[in-house]
Peer 1: 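Structure incoming, see below.
Hydrogens, waters and symmetry mates play no part in the numbers below; they use all other heavy atoms, side chains included.
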Amino acid sequence: PVGGSLPCGPAAPRIYVDEPEEFKALWANPLLCAERGLCFTEVWLHEFLRRAECRVDDPQEADFIYAPIYMSCYNLIAAVERNQKARVALEGFMSRLLS
């Protein structure tokens, strides 16, 4: 396992953090979340899981797969209109999920 330094607890599930480079536009601007208040929770969770001891590097070993997409941070509709990279990344990500 990848495992980090942040404890998850004794009965924690194993979590794979799915961060393919081609979808990085979906989590590339975490400061946009800070101005939206509680939306920053998405960033906090992502950063915690990146450093958590329950993180694994093989999705086959995972109990859960976490895909970081800061939807509420971007206000998805506005992000699609303003940010071509986020739109393309979201379309690619959704295609991958549906296949």
Side-chain angles (χ1 to χ4, degrees):
V2 170
S5 60
L6 297 175
C8 295
R14 294 166 302 193
I15 301 171
Y16 175 75
V17 180
D18 190 7
E19 300 173 300
E21 189 63 33
E22 69 263 29
F23 304 130
K24 188 173 182 172
L26 295 173
W27 70 83
N29 296 309
L31 290 180
L32 289 177
C33 298
E35 65 189 32
R36 293 183 57 95
L38 286 176
C39 296
F40 197 71
T41 305
E42 291 177 273
V43 176
W44 180 88
L45 179 62
H46 182 202
E47 291 302 319
F48 172 80
L49 291 175
R50 292 175 107 188
R51 293 166 180 80
E53 39 182 50
C54 52
R55 180 179 179 182
V56 296
D57 60 359
D58 181 356
Q60 298 299 319
E61 296 175 7
D63 298 309
F64 296 99
I65 295 176
Y66 173 75
I69 301 175
Y70 301 164
M71 294 291 197
S72 57
C73 297
Y74 281 121
N75 186 4
L76 182 58
I77 301 301
V80 168
E81 293 171 0
R82 282 193 329 254
N83 187 341
Q84 180 69 14
K85 286 182 186 176
R87 185 182 70 75
V88 169
L90 181 61
E91 288 173 358
F93 181 77
M94 295 306 291
S95 252
R96 191 176 109 182
L97 284 178
L98 296 172
S99 62

Peer 1: Quick one: closest heavy-atom pair of I15 and A62, and the distance?
Peer 2: C-CB, 4.3 Å
Peer 1: Taking all non-hydrogen atoms of both residues into account, name the closest pair between P7 and F48 and its distance.
Peer 2: O-CZ, 3.7 Å
Peer 1: With the 4.5 Å side-chain cut-off for hydrophobic clustering, are V17 and W44 part of the same group?
Peer 2: yes
Peer 1: Looking only at heavy atoms, which two atoms of C54 and P13 are closest? And how far apart?
Peer 2: CB-O, 3.3 Å
Peer 1: Ignoring hydrogens, what is the shortest heavy-atom contact between L45 and Y66? Give both atom names and the distance.
Peer 2: CD2-CE1, 3.8 Å
Peer 1: In the single-linkage hydrophobic clustering (I, L, V, M, F, W, Y; side-chain heavy atoms under 4.5 Å), do F23 and V43 co-cluster?
Peer 2: yes
Peer 1: Output the distance between atom CD1 (I69) and atom NE2 (H46), rounded to the nearest 0.5 Å.
Peer 2: 10.5 Å
Peer 1: So which atom in E22 and which in A89 form the shortest heavy-atom distance, rounded to 0.1 Å?
Peer 2: O-CB, 4.0 Å
Peer 1: Distance-only, no hydrogens or angles: does the R55 side chain make a donor-acceptor pair with backbone N or O of R50 under 3.5 Å?
Peer 2: yes
Peer 1: Using atom types as modelled and distance alone, determine if a side-chain donor or acceptor of R51 lies under 3.5 Å from a backbone N or O of L6.
Peer 2: no
Peer 1: Give me the atom names and distance for the closest heavy-atom approach of F93 to A67.
Peer 2: CZ-CB, 3.4 Å
Peer 1: Taking ring-ring contact (aromatic ring centres under 6.0 Å, His included) as the test, write out the residues that go with F64, two or more places apart.
Peer 2: none
Peer 1: Which residues pass the salt bridge (Lys or Arg N to Asp or Glu O under 4.0 Å) test with E91, not counting sequence neighbours?
Peer 2: R87
